[in-house]
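Here, residue 1 is the first one in the sequence, and each next residue gets the next number. First listed ligand is number 1; within each ligand, the first listed atom is number 1.
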Amino acid sequence: MSERADLVIKNAAELLTCGGGADDLIGVVRGGWVAVRGGEIAAVGGEEAVKPLISGETDVIDASGRVVSPGFVDCHTHVVFGGTRVEEYFAKIARLSEDEARRRGIRTGILTTLEPTRELPIEALYEETAARVRDMIISGTTTVESKSGYGLDREAELKQLEVNRLLESRLPISVVSTFLGAHGVPRGTTKERYMDFLVNEMIPFVGESGLAEFCDAWCDEGYYTASECRVILEAGLNAGLRPKLHEGGYSYIGGAEVAAELGAVSADHLNYDPRGSLRKLAEAGVVGVPLPGIDFAVGHRLPFDPAPMIEEGLELAIATNCCPGCWCTSMPFIMILACRRHGMSSERAIRASTIAGARALGREGKIGSIEPGKNADILIWNLERHEDIAYHYMTNPIGVVIKDGRVAARDSRLARNA
Ligand SMILES: [Zn+2]
């Protein structure tokens, strides 16, 4: 009887496997069936492959007329923060200069939300964050990456990483934790002193604590130089933290070369990266993570262009970049932007939200596609064709969210036991 499935999803209008070897990027199977056992995918294919696994105890969900896909992997967020930058958002919409905004008492930049993040007790910070993460779950995200970087001191950075752990233990979502102490330089110190603190105290401690899996930095004019990022990411590697890098978002100062040479899992933003640098990333197997949400939210003067990235052979993932400067929790909304504003095909955007997102987190062996042996993170969309994800601008196109083989959300509500 151990052969029998716990759950079967039958007769999907389109089953998007997103597995290896698909020549259409997403592996569409019409009339596809999936069997789940013990929280993992047991079988995938047509009726004949899966139906024999149904027993009296198997839950069967009929997906007729609906798309079935892997859960979305949101591989770049700063979802743990306190406070808001709504005043800055409207100042930018009104086209106020930075000086004019400052004159009117409007604070700008990432340091705006530093104090609220530092001041909130951990449970309050958890609650503010969990509200956003619940919204991510009902919108189909089954794995989210979450960075620190709004504390920029020992206590507040560790508090953010601790919130990551609480989120994963209390909500039906996998949380991949990244230490981003090099998100800025706090007031009242110099960059040299702060880097010394990061490299010699904080990063070794975070590595030891097991509170993060990745180390990240922000390589851009006015933040950290390429050589500074190299020092930070090498400290991360020495502490057992794999590198990721924000680079090329607002200027190009050589971040891609550092990401490629250090074997980063991902290089994120990429608005200003020249072709030669994109090629180096591709050759090094780094996943490119351009961010449609931030380009939209800040009215970016140079929105990223995926065409040269694709031509250079870069695997592309997309993500919400949920943060105070881009308050977005919805991967479907990001797919709309990726297609309509940046010219991605629906297949490219879906791949970028599933298996490529998993690659950007080094987890492609367990998540991101519907293949036997992978975690049963599966979505049933309220849509009949995969193209509709970027064509129907719905509140939420995701009907059922299955996390580790169990229904986590249905019709925009978290399951009672989730
Ligand atoms: Zn970011």
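- Using a cut-off of 2.8 Å, one finds that His78 contributes an N/O/S atom close to the Zn ion (ligand 1).
- Partners of Phe333 by ring-ring contact (aromatic ring centres under 6.0 Å, His included), not counting sequence neighbours, listed by chain and number: Phe296.
- Taking the centre of each ring, Phe304 and His342 come in below the 6.0 Å mark.
- At a cut-off of 2.8 Å, His76 is counted among the residues with an N, O or S atom near the Zn ion (ligand 1).
- Between His269 and His300, the ring centre distance reaches or exceeds 6.0 Å.
- Residue side and main chain included, His269 places no N/O/S atom under 2.8 Å of the Zn ion (ligand 1).
- Proximity of Leu281 to Glu247: side-chain heavy atoms (C-beta onward) are separated by under 4.5 Å at one or more points.
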